[in-house]
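Each ligand, and each atom within it, is numbered from 1 in the order the structure gives. Throughout, residue positions are numbered sequentially from 1 according to the sequence presented. Please read these numbers as outputs of a predicted model, since none were measured by experiment.
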Amino acid sequence: MASTFGAAQVLVASNRGPVSYEVGHDGALHAKRGGGGLVSGLSAIGPEAGALWVCSALSDGDREAVRRGTGEKGVRMLDIPAAVHADAYNGIANSVLWFVHHMLYQTPLEPVFDAEFRRQWASYEEYNRAFAEALADEAAEGAVAIVQDYHLTLVPGMLRELRPDLRIGHFSHTPWAPVDYFRMLPDDIAGQILRGMLGADRLGFLTRRWAEAFTSCCDALVGGLGGTRIGVHGLGADAEFLRRRSREADVDERMAALRAEIGAGRKAIVRVDRTELSKNIVRGLLAYRQLLADRPEWRERVVHLAFAYPSRQDLAVYRDYTAEVQRLAQEINAEYGTAGWTPVVLHVKDDFARSLAAYRLADVALVNPIRDGMNLVAKEVPVVSDEGCVLVLSREAGAYEELGEDAVVVNPYDVAGTAAALHEALSVGAAERAERSKRLAAAATALPPERWFLDQLEALRG
Ligand code: G6P
């Protein structure tokens, strides 16, 4: 795969890369480009300027692309042995570190740090080492490398040893756990993670709250930050891209289909998430059910468009959660639905054009995560919605720091409170709704992805 061998001036490393491949029936490789802030951020630089993205080969097509030595310029995929990747990604990153930072464990069952955990941890180290070595091979003298997220916490320290000349950054897209929760990790592992990250010159977080939590962990467990600097970069929505993309023909088509599902004269409460435990989809549905129970005046007058796209389905707990979301949606429809009204329209097939169509139609956006690094949906809906929307927002989402003032704020555990918030949001008048939505959109786009990335680059170079 495309390699610059010691020539890259700017390197990004992340588990999931900007592109993935499928092998077609004709045996040819078909590339699918992903979205997200990092993709648009890095496009500000591009391969011509010596930028390289190092990521995992995740699909059969990706591995085939590595074997054939083809692939996009500016992207290097690492074909890490499947068993090592599964341990590191499913075992450690998504079942341990994700759960710690989102505070998702449920006693008395979890967590259990046993021999199996230790075995998986060795794979996590091996997987991190593969990234560190690839970055060390590819980077030009004095280059900047920015490592992403909880999958790769050990890379900065490893890379620092291999290439002391580099300027190394790390950015966390998740929350950071409070110290009393973080220290449930075995002491040596907690120390290894913190020291690994402190191998960077500079660490980036999405909000002040997560940066402070990290700093407290370092103060309590490893004697402070050492020479490492901390920065806060609140990634914003990509307004220019979203406004253009949401006006394309396929989005218009999806809008017509969704309008038919909603029915004339009804309001739409929209949510769009990965089917992810931390997104709190089940409590969102429970709150909607309570709204219909407590406020019969909304029956037949509102539809909940819930888009819950499959995620991390290798993990049993995610499969169970997906089933629970589907069961509950059916239950609400059986309980309240009528011949002409389906109270919950649940879509589980990932479709970006349909998500944008729902954003445009949203009267209310429901974003109620238990904990979330930022939550870009909260930022995207106000930018795209046609008539302005009212945002019901969890105070535990990173986006709350910037959007809290103009949202209807909820405690994500409080189902009755969320039901009351939905009622309040549905009741806001058109003029106020448009005003609030405009202010939300302005706050949501304050730091576009390009600027977000360039700020980090400049801070590392400075
Ligand atoms: C979060 C993480 C990302 C991750 C994404 C999707 O936003 O911060 O690093 O890529 O979830 O999860 P997945 O496991 O499908 O990559």
Practice item. Check the pair Tyr21, His30 against ring-ring contact (aromatic ring centres under 6.0 Å, His included), reporting the backbone distance first and the verdict last. Key: CA-CA 5 Å; Tyr21 297 95; His30 301 281; 9.8 Å; no
Revision key, fill the gap. for atom 13 (P) of ligand 1, nearest protein heavy atom and its distance come out as Tyr89 OH, 3.4 Å
Exercise for review: Give a yes or no on whether a salt bridge exists between Arg229 and Asp201, defined as a side-chain N under 4.0 angstrom from a carboxylate O.
Suggested key: no
Check your understanding: What's the shortest distance from atom 7 (O) of ligand 1 to any protein heavy atom, and which residue and atom give it?
Key -> Arg274 NH2, 4.5 Å
Check your understanding: What are the atoms of ligand 1, with element, lying closer than 4.0 Å to any heavy atom of His173?
Key -> 8 (O)
Review point. Are Trp121 and Tyr127 close enough that their ring centers fall under 6.0 Å?
Key: no
Revision key, fill the gap. Honestly, for Arg312 the part within reach of ligand 1 (heavy atoms, under 4.0 Å) is side chain
Check your understanding: Among Ile92, Val147, Leu152, which one satisfies side chain to side chain contact (heavy atoms under 4.5 Å, CB included) with Asn128?
Key -> Leu152
Exercise for review: Enumerate the atoms of ligand 1 whose separation from the nearest heavy atom of His151 is less than 4.0 angstrom.
Suggested key: 9 (O)
Review point. Does the ring of Phe307 carry Arg354 above it, NZ/CZ under 6.0 angstrom from centre and within 45° of its axis?
Key: yes
Exercise for review: Only heavy atoms count here, so choose which of His101, Arg16, Gln148 is nearest to atom 16 (O) of ligand 1.
Suggested key: Arg16
Practice item. For Glu324, look at atom CD and say whether over 12 heavy atoms of other residues, nucleotides or ligands are found less than 6.0 Å away. Key: yes
Review point. Ligand 1 versus Phe171, non-hydrogen atoms closer than 4.0 Å: side chain, backbone, both, neither?
Key: neither
Check your understanding: What are the atoms of ligand 1, with element, lying closer than 4.0 Å to any heavy atom of Trp98?
Key -> 1 (C), 2 (C)
Review point. Among Tyr150, Phe182, Trp176, whose ring-ring contact (aromatic ring centres under 6.0 Å, His included) with Phe214 holds?
Key: Trp176
Review point. Counting both backbone and side chain atoms, is some N or O of Asp149 under 3.5 Å from an N or O of ligand 1?
Key: yes
